[in-house]
**Student:** 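Quick one: the structure is below, questions incoming.
By convention here, the first residue in the shown sequence is residue 1.
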Amino acid sequence: MQNGFVESFNGRLRDECLNEHLFADLPHARKLIAAWRDDYNHHCPHTSLDGLTPWEYHQRSAEDQSLNSAN
């Protein structure tokens with residue numbers, strides 16, 4: 001295993017997207033993979049982020065930083 005995070009992501013992409021769809025052509029593949037990526041980054045909770053989506057985690061981090069800089 002080279003990188004556990006990359007291996008985990010690749011496995012998830014394969015299981016949740018690539019194995020689920022039959023792509024007609026490259027534009028079709030790009031469209032479906034982009035939709036999966038959007039869902040993964042904005043709507044899917046991640047255990048490594050304490051059950052938050054990456055977007056929620058980003059927002060919480062930004063809020064924490066603004067609170068810390070105000071003090």
Side-chain angles (χ1 to χ4, degrees):
M1 180 187 313
Q2 295 294 323
N3 183 327
F5 296 109
V6 172
E7 296 290 330
S8 175
F9 173 79
N10 286 345
R12 186 174 308 255
L13 173 63
R14 187 179 311 107
D15 291 341
E16 295 178 6
C17 184
L18 301 179
N19 291 344
E20 296 292 321
H21 300 284
L22 203 62
F23 303 113
D25 52 23
L26 187 56
H28 183 236
R30 286 181 175 153
K31 180 180 173 185
L32 290 175
I33 292 169
W36 179 87
R37 185 178 57 235
D38 179 66
D39 183 60
Y40 182 82
N41 286 328
H42 294 99
H43 307 289
C44 180
H46 295 256
T47 56
S48 63
L49 302 176
D50 294 328
L52 298 173
T53 67
W55 183 249
E56 291 170 332
Y57 183 82
H58 171 73
Q59 293 293 0
R60 186 172 288 178
S61 295
E63 289 171 4
D64 290 346
Q65 286 179 353
S66 66
L67 289 175
N68 289 336
S69 64
N71 292 332

**Student:** If you compare all heavy atoms of G51 against all heavy atoms of P45, which two are closest, and at what distance to 0.1 Å?
**Tutor:** O-CB, 3.3 Å
**Student:** Taking atom OH of Y40 as the centre, does the number of heavy atoms from other residues, nucleotides or ligands within less than 6.0 Å exceed 12?
**Tutor:** yes
**Student:** Is it the case that the side chains of H42 and D38 hold a donor-acceptor pair, with the cut-off being a distance below 3.5 Å and no angle test?
**Tutor:** yes
**Student:** Only distances under 3.5 Å count here; give the side-chain donor-acceptor pairs of residues 23-34 to other protein atoms, sequence neighbours excluded, each with its distance to 0.1 Å.
**Tutor:**
residue: D25; atom: OD1; partner: H28; partner atom: N; Å: 3.0
residue: H28; atom: ND1; partner: A24; partner atom: N; Å: 3.2

**Student:** Once salt bridge (Lys or Arg N to Asp or Glu O under 4.0 Å) is applied, do any residues pair with R12, and if so which ones, sequence neighbours excluded?
**Tutor:** E16
**Student:** What's the separation between atom CZ in R14 and atom CD in E20, rounded to the nearest 0.5 Å?
**Tutor:** 13.0 Å
**Student:** Taking all heavy atoms of P54 and all of C44, pick out the closest pair and write down the distance.
**Tutor:** CD-O, 3.7 Å
**Student:** Decide whether W55 and L52 are clustered together by the hydrophobic rule: side chain heavy atoms of Ile, Leu, Val, Met, Phe, Trp, Tyr closer than 4.5 Å, transitively.
**Tutor:** no
**Student:** Could you tell me whether D15 atom CG has more than 12 heavy atoms of other residues or ligands within 6.0 Å of it?
**Tutor:** yes
**Student:** With rounding to the nearest 0.5 Å, note down the distance linking CG in D50 to CD in E56.
**Tutor:** 11.5 Å
**Student:** Has the side chain of S61 got a donor or acceptor atom that lies under 3.5 Å from a matching backbone atom of Y57?
**Tutor:** yes
**Student:** Can you tell me how far CZ of R60 sits from OG1 of T53, rounded to the nearest 0.5 angstrom?
**Tutor:** 10.0 Å
